[in-house]
There are 2 protein chains.
Amino acid sequence: MLTAIYTSVGELVGEGADKISFPIIAERAGVNPTTLYRRWDDVNALLEEVAVAALTGDGESVPDTGTLEQDLTEWANIIAHDITRPERARYLRAMVSARVEIVSSCPVTEKRREQASEMVRRARERGETTPTVQQILDHIIAPLYYNVVFALQVDHEYARRLVRDVLAMVR
Amino acid sequence: MLTAIYTSVGELVGEGADKISFPIIAERAGVNPTTLYRRWDDVNALLEEVAVAALTGDGESVPDTGTLEQDLTEWANIIAHDITRPERARYLRAMVSARVEIVSSCPVTEKRREQASEMVRRARERGETTPTVQQILDHIIAPLYYNVVFALQVDHEYARRLVRDVLAMVR
DNA sequence: TGGTTAAAGCAAAGATCATTGCGTTTCGAC
DNA sequence: GTCGAAACGCAATGATCTTTGCTTTAACCA
């Protein structure tokens with residue numbers, strides 16, 4: 001039931017459907033539109049729910065290579081590779097347009113913060129000088145997402161440059 | 001005519017209207033909905049047009065204080081102050097959701113790039129060591145916009161920290 | 001002034017969405 | 001098994017959107 005709905009939304013988003021409405025989602029999911037109208041306030045609410053699930057879902061394990069630079073580079077590459085996939089990019093856009101009011105946190109950011117914290121913690125235990133977690137979010141995550149959301153290109157070279165920049169701050 | 005439509009859209013966005021449709025825009029603008037249906041493909045196309053005009057419109061003069069650090073700080077503050085205004089944030093969201101397909105450039109980014117270029121050029125003429133324009137975009141603009149779009153808070157302290165971070169890269 | 005063309009208004013029709021009341025199913029508790 | 005609550009399906013209704021053909025206005029140019 002719920003998974004059918006999520007799948008339906010996922011397919012529509014993946015296909016780049018221009019119009020995504022409750023009736024359309026319901027038909028593909030094999031449920032009655034009324035169900036959707038009753039459970040979610042509007043399409044954006046459902047869309048955001050699915051987007052968050054999709055964007056935070058797969059429990060990517062954080063790289064652990066022995067140096068923070070290598071960890072961050074691989075991590076940035078994974079993220080860059082992930083969020084440039086068309087359906088991921090669409091989810092991001094959907095999430096952005098969905099949250100109409102200012103809220104205090106964003107699930108996606110929080111996940112990245114946790115991942116960054118882990119890498120930084122390990123690096124510090126090794127005695128490395130590290131940027132702060134916030135610096136990593138500001139100068140690696142933010143540019144990556146910014147460029148995806150505003151429709152510019154993101155590649156491995158770009159991800160690598162971001163890592164070098166942020167590490168240059170603390171040298 | 002066109003300005004009435006733009007004004008109508010601007011008001012609706014500013015008021016945080018949940019539903020923005022051609023008929024609603026048309027009524028407030030005192031025009032016939034048919035006109036809008038004929039001129040724009042859909043609401044998002046019109047919305048993006050107005051958003052771009054609003055976000056790149058006012059010809060903010062770039063700070064020229066004598067040092068790049070001060071220039072960047074004031075500039076970042078201006079931007080932070082501007083894009084955290086609810087209607088500006090809304091425009092940003094509208095723009096994001098409007099551009100469904102990957103395009104090569106974003107009008108807002110381009111304007112910021114020009115502004116950053118000017119400040120960097122002046123700083124270099126004074127003999128300052130500067131970050132690249134791209135670094136400024138990546139590490140000041142991107143975090144600011146990212147935080148607005150993903151509904152976190154942006155204040156002057158944050159803007160200042162970004163400037164310090166990016167300058168630390170080149171020291 | 002008169003003619004031509006592009007844009008806007010008007011009205012009607014159909015499509016899609018959104019809401020609501022009511023009957024049915026499901027599932028757990030007793 | 002039976003009861004009750006919650007969720008879902010169904011169908012009808014009204015609202016809103018979207019399209020289309022035709023008319024009218026406006027602007028531009030000979």
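Throughout, protein chains are lettered first and strands after them, A, B, ... in sequence-line order, and every chain is numbered starting at 1.
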Without decimals, in angstroms, what is the distance between B:Glu27 CD and C:dA8 P? 19 Å
Looking across every strand, which nucleic acid part, if any, lies under 4.0 Å from A:Thr34 by heavy atom: base, sugar-phosphate, or nothing? base
Looking at C:dC17, D:dG9, C:dG9, which one has an atom nearest to any side-chain atom of B:Thr35? C:dG9
Nearest-angstrom distance from the residue atom CG of A:Asp41 to C1' of C:dT19: 14 Å
Is the closest side-chain donor-acceptor distance between A:Thr130 and A:Arg124 under 3.5 Å? yes
Could you tell me whether the phosphate oxygens of D:dT18, OP1 or OP2, come under 4.0 Å of any side-chain nitrogen or oxygen in B:Tyr37? yes
In whole angstrom, what separates A:Leu46's CG from C:dA18's C1'? 16 Å
Starting at atom CG of B:Asn44, determine the distance to atom C1' of D:dT18, rounded to an integer number of angstrom. 16 Å
Give the rounded distance in Å between these two atoms: CD1 of B:Ile5 and P of C:dA7. 13 Å
What is the nucleic acid contact for B:Arg38, judged by heavy atoms within less than 4.0 Å: base, sugar-phosphate only, or nothing? base
Any B:Lys19 side-chain nitrogen or oxygen under 4.0 Å from OP1 or OP2 of C:dA18: yes
Decide side-chain hydrogen bond (donor to acceptor under 3.5 Å, both in side chains) for B:Tyr145 and B:Thr109; before the verdict, give the C-alpha distance in whole Å, the side-chain angles of both, and the deciding distance to 0.1 Å. CA-CA 10 Å; B:Tyr145 281 73; B:Thr109 302; over 6 Å; no
First encountered from the 5' end of DNA chain D, between A:Asn32 and B:Phe22: A:Asn32
What does A:Leu36 touch in the nucleic acid at a heavy-atom separation under 4.0 angstrom: a base, only the sugar-phosphate, or nothing? nothing
In whole angstroms, the gap separating C1' of D:dT19 from CG of B:Asp42 amounts to 15 Å
Kindly point out which of C:dC10, C:dA8, D:dC8 is positioned nearest to the side chain of B:Arg39? C:dA8
CH2 of A:Trp40 versus C1' of C:dC17: gap in Å, rounded? 18 Å
Ring pair (Phe, Tyr, Trp, His ring centres under 6.0 Å) filter on B:Tyr37, not counting sequence neighbours, yields B:Phe22
Please report the shortest heavy-atom distance between A:Asp165 and B:Met169, naming the atom on each side. O-CG, 3.4 Å
Toward the 5' end of DNA chain C, which comes first, B:Val31 or A:Ser21, by nearest nucleotide? B:Val31
Partner of B:Arg88 under side chain to side chain contact (heavy atoms under 4.5 Å, CB included), picked from B:Val148, B:Asp82, B:Val13, is B:Asp82
